[in-house]
Amino acid sequence: MKLMTACAATLAVALAFPAAAQAPARPQIETKKVEGTEGVYIFRNGNHQAMFIVTKDGVIATDPVAYGRPTGGQQYVDEIKKVTDKPIKYLIYSHVHFDHIAGGKAFKDAGARVVAHENATKRLKVLKDPHTVIPDESVGNKKTIKLGGTTLELSYLGLNHSDSTLVMRLPKEKIVFIVDTIPVAAFPGRGFIDIYPLETEEFIKKVLAMDWERMIPGHPGPGDRLGTKKDAQDVLTLMQEASAAIKTDAQAGKCWDAVEKDFKMEKYATLPGYANGLGMVARRYCALWGRGA
Ligand SMILES: [Zn+2]
């Protein structure tokens, strides 16, 4: 009987949204071990995800990803508990944006120490978001966490998508966790609203110079694949091309209206997010080259 109801519901969805029905069912929440690692996991909630590492002496978690999801933080803690009975020692914020870091209370209650870049802490103390825990510890340019045989390096490489992004690197596993600044095979979108475009190019060059092979992104890549250095290079190239194109128009006095209306990057037209993201990219580079901001 239950099955019948589910089928009826699926059929109704299929009739209303034929495209949605073709996609395989995807649970809202999912935890997957990263292939070839001993204890590196990805926790995904909807279209957001975070890395956590299980060691023999405890767990290092990142980003609660629970903005607008009142139970998301606790659900993440519960997912960790399904994998290990070790205590959660750390919760590390990737950057200040609430869609990634809201929901940390469950981690704090479980005894985790909340760590973020100092710019994130400063901002959070001003904003006092009711859903976002103020960090216990602030990091400057560098901090290394060692726990149960795992080493996790936190590096601040300058302004980029935010002013508070920590690049998290597992040197032994050659994995980095970098959120939002380097989307995997997706066109930049709303996140461009407050990006630091020129500084981001330098940031990506620094990331490319680091020793890593796989990148866990803050939003799942196509088919949940992890990012590579080629993905990082592709984002850098895309930004350089967008910047150069709009620079010319901006200096010819065409910002904002003409550029926002006419800007195209046809070679990227098949990337997810292209149609929606174009206007945002045009606007941000107009702000840079046509306004000086
Ligand atoms: Zn962000």
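Throughout, numbering of the chain's residues begins at 1 and tracks the sequence. Both counts, for ligands and for their atoms, begin at 1 and track the order of listing. Note that this is a predicted model, so its numbers are computed, not measured.
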Pair Lys89 + Asp57: basic N to acidic O under 4.0 Å: no
- line: Report for the Zn ion (ligand 1), protein N, O or S closer than 2.8 Å, by chain and number, lists His95 NE2, His97 ND1, His161 NE2, Asp180 OD2
- prompt: Could Arg225 and Asp231 be called an ion pair, given the rule that one side-chain N must be under 4.0 Å from one carboxylate O?
  reply: yes
query: Does His48 have its ring centroid less than 6.0 Å away from the ring centroid of His100?
result: yes
- prompt: Between Asp211 and Lys174, does at least one N-O distance fall below 4.0 Å, as a salt bridge requires?
  reply: yes
- request: Start with the C-alpha gap between Glu79 and Thr31, add the side-chain angles, then the distance that decides, and say whether side chain to side chain donor-acceptor pair (under 3.5 Å) holds.
  value: CA-CA 7 Å; Glu79 286 289 296; Thr31 300; 2.6 Å; yes
- prompt: Is any NZ, NE, NH1 or NH2 atom of the basic residue among Asp163 and Lys122 found under 4.0 Å from an Asp or Glu carboxylate oxygen of the other?
  reply: no
